[in-house]
Amino acid sequence: MTREGCGRLGRTTVGRRVELAGWVHRLRDLGGLLFVDLRDGSGIVQLVVRDLPDAHGLSREDVIRVEGTVALREAPNPALPTGEVEVVVERLEILSHAKPLPFPVDEEEAHASEETRLRYRYLDLRRPRLQRNLRLRHRICSAIRQYLDAQGFIEVETPMLTRSTPEGARDFLVPSRLDPGKFYALPQSPQLFKQILVTSGVERYFQIVRCFRDEDLRADRQPEFTQLDLEMAFLEDPEDLFGLLEGLMVHVFRETIGVELPTPFPRIPYDTAMARYGSDKPDLRFGMEIADVSDLFAGGAFRAFAEAVAGGGAVRALPVPDGAGRSRGELGKLEEAAKGLGLAGLSWIKVADGLSSSIAKHVPEAALQAVVARAEAKAGDLVLLAAGPAAKVALALGELRLRLAREGGLIPAGAWTPAWVVDFPLFKLSEAGSIESEHHPFTSPNDEDLPLLEVEPLRVRAKCYDLVLNGVELASGSIRIHRRDLQERIFRVLGIGPEEAERRFGFFLRALEYGAPPHGGIAFGLDRWVMMLAGERSLREVIAFPKTATGSCPLTGAPAEVDEAQLRDLHIRVEG
RNA sequence: GGGGACGUGGUCUAGGCUGGACUAGGACACCGGAUUGUCACUCCGGAGAUCGCGGGUUCAAAUCCCGUCGUCCCCGCCA
């Protein structure tokens with residue numbers, strides 16, 4: 001007799017003799033009559049047990065096997081998919097006993113601290129919500145593979161033990177036993193390997209791959225995380241990739257949560273994103289677009305604003321729907337928040353029957369009207385005004401835009417607003433004042449900006465793009481440099497001399513010398529993607545065995561001390 | 001590296017500001033008993049906590065102070 005799925009029993013299986021096995025979900029002992037809700041991977045069904053004395057010793061989460069006959073219920077339970085039937089048990093075998101549980105596993109929401117949940121992760125994962133998340137994650141991966149396979153991509157594995165290449169984050173290091181004093185690094189991404197793969201004739205590569213970055217954790221950041229990594233040969237125009245990836249997004253959304261994403265996704269230049277949304281990952285689920293009103297205050301009587309414009313800065317306006325009712329106290333708090341974000345101050349205009357404004361004394365009514373018009377504010381709205389260096393104003397207003405939208409409940413539930421952000425700058429200024437890559441050093445500059453490379457590097461744009469979804473950076477990629485001479489020029493701008501370049505990237509530069517095709521690609525943060533589709537707020541809810549905020553694993557106790565002998569083998573001595 | 005919140009039986013929590021009748025209360029889980037149509041079963045009874053750890057203040061500390069550890073959130077950091 002073969003085991004059947006609890007959740008597959010129903011009206012059509014009445015009268016059948018079945019064997020079931022699973023976990024005791026709940027018990028209702030009425031003395032002469034015992035009800036057991038039996039749970040397996042397919043669902044839950046009610047068992048009725050009579051005249052089996054052993055059964056009264058059952059506990060929740062015991063693993064049992066039963067034989068019995070499917071019968072129509074006297075009183076159906078509409079809350080249960082199998083609620084029309086029950087299984088009358090004739091034979092019962094306890095396969096494994098469960099101790100009293102540290103927390104209930106039959107509830108949708110967790111009723112235990114995260115630490116307890118992670119310590120008993122095998123119990124936590126039995127909860128329906130996490131089971132759903134695991135299955136959703138599998139379906140997403142499955143849909144990705146299905147789509148990319150159909151598009152001619154092949155999945156190739158790259159090493160986990162590799163060499164440290166100076167990328168943005170701190171590396172996890174693995175000491176070499178055979179070569180004392182030397183270390184492998186766990187990959188922050190398979191960046192150079194995938195470029196070498198396309199150079200090797202793998203024209204369409206992808207990999208669902210674990211990556212490691214030794215930085216502090218967040219709700220949306222784990223030290224080991226999974227990327228959908230992807231690279232194509234003969235990719236010169238990002239648009240060719242966008243179409244393909246929009247197809248991927250549409251496929252995954254359709255197959256997993258049944259949502260139809262409209263294509264094409266909007267393309268938003270980086271400068272526009274910063275100006276209108278104050279962010280390089282704009283949340284397009286709601287309006288509140290920031291308007292530039294610098295010209296309205298240039299040379300005007302309100303000195304704070306006029307001087308900002310004269311000094312090369314900007315004055316920008318953020319409309320707040322239905323914000324006109326805010327009290328002076330609330331506006332004061334907003335200004336405090338703005339100062340915390342680096343602004344010198346925050347002015348406001350309330351749009352009601354007439355206008356009232358914190359700067360009415362200094363600014364003519366007509367100018368205020370013009371600001372309101374440009375910010376597209378309606379009666380009942382509030383307009384916030386900030387002045388200063390353009391980048392600072394943009395970021396601060398962008399942050400306020402998000403906070404006010406969240407607080408005001410202006411973000412529609414169930415909305416999906418993907419967009420491509422394009423035309424990123426190639427470089428940025430580090431805190432120390434040196435030139436750094438905005439994306440990574442293998443990103444190709446825009447052809448027409450090449451003459452600026454050594455002269456005005458900060459003005460060079462990159463063939464670089466992010467896929468942004470609901471204000472979250474979901475994927476990031478670029479067209480790569482495929483010629484050694486250009487790659488060396490970039491290194492020079494970055495202050496990486498020929499010797500250092502040879503030492504760190506010699507293997508890669510050589511690969512570019514033997515016929516490297518133009519190529520490019522992208523990498524998705526898979527965990528975040530799953531998190532969004534699952535509607536979760538933390539990555540830990542979509543990773544089977546995640547780490548705590550301090551990088552520990554309460555289940556296994558990692559990280560942990562190791563034997564002295566192991567350290568000796570690795571030529572490691574621990575201080576202190 | 002910085003800021004904030006939290007830590008009380010197995011689990012979740014009340015109490016904490018305003019120290020004293022707190023002999024630390026409740027719910028769930030657990031144990032014993034009853035129970036033949038329940039489905040969050042019900043009813044009766046029971047056991048289980050030196051209030052994360054260390055120090056201090058005080059006649060007296062779960063409660064106030066300092067330190068430390070752990071968890072969570074945020075800033076920095078994350079090409």
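Below, chain A is the first sequence line, B the second, and so on; all start at residue 1. For the numbers below, each heavy atom of this structure counts, side chains included, while hydrogens, waters and symmetry mates do not.
- Scanning both residues, A/Leu539 and A/Arg528, for their nearest heavy atoms gives CD1-N, 3.8 Å.
- Nucleotide B/A14 forms no Watson-Crick or G-U wobble pair with any nucleotide shown, as no partner meets the under 3.5 Å limit on both distances.
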Can you build the contact string for nucleotides 35-45 of chain B? Use B for base contact, S for sugar-phosphate-only contact, and - for no protein heavy atom under 4.0 Å. BBBBBSB----
Check: protein-nucleotides 11-16 of chain B nitrogen or oxygen pairs below 3.5 Å:
from: B/U11; atom 1: O4'; to: A/Pro102; atom 2: O; distance (Å): 2.5
from: B/U11; atom 1: O2'; to: A/His111; atom 2: O; distance (Å): 2.9
from: B/C12; atom 1: OP1; to: A/Ser113; atom 2: N; distance (Å): 2.7
from: B/C12; atom 1: OP1; to: A/Ser113; atom 2: OG; distance (Å): 3.3

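- For the OP1/OP2 pair of B/G76 and a distance below 4.0 Å, the side-chain nitrogens and oxygens of A/Arg221 include no atom meeting the criterion.
- B/U38: no Watson-Crick or G-U partner with both key distances under 3.5 Å is found in any strand.
- Judged as a ring pair (Phe, Tyr, Trp, His ring centres under 6.0 Å), and not counting sequence neighbours, A/Tyr205 has no contacts.
- We find that A/Arg117 and A/Glu541 are joined by a salt bridge, their nearest charged nitrogen and carboxylate oxygen being less than 4.0 Å apart.
- OP1 and OP2 of B/A29 both lie 4.0 Å or more from every side-chain N or O belonging to A/Ser59.
- Here A/Arg489 pairs with A/Glu454 in a salt bridge; the nearest charged N to carboxylate O distance falls below 4.0 Å.
- Residues A/Asn77 and A/Gln46 have side chains that never bring a donor and an acceptor to within less than 3.5 angstrom of each other.
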In the 5'-to-3' direction, what one-character label does each nucleotide of nucleotides 2-9 of chain B receive under the scheme B = base within less than 4.0 Å of a protein heavy atom, S = sugar-phosphate only, - = no such atom? --------
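- A salt bridge links A/Arg129 with A/Glu536; the closest basic N to acidic carboxylate O contact falls under 4.0 Å.
- Residues A/Ser42 and A/Gly7 approach most closely at OG-N, 2.9 Å, considering heavy atoms.
- Side-chain N/O atoms of A/Arg213 and base N/O atoms of B/C78 include no donor-acceptor pair closer than 3.5 Å.
- The distance between atom CD of A/Glu215 and atom C1' of B/C74, rounded to the nearest whole Å, is 16 Å.
- Residues A/Asp62 and A/His97 have side chains that bring a donor and an acceptor to within less than 3.5 angstrom of each other.
- Judged as a ring-ring contact (aromatic ring centres under 6.0 Å, His included), not a single pair has a partner in residues 43-72 of chain A (not counting sequence neighbours).
- With 3.5 Å as the limit, one finds no donor-acceptor pair spanning the side chains of A/Asp527 and A/Gln222.
- Residue pairs meeting the ring-ring contact (aromatic ring centres under 6.0 Å, His included) criterion with at least one member in residues 466-493 of chain A, sequence neighbours excluded, are A/Phe491-A/Phe505.
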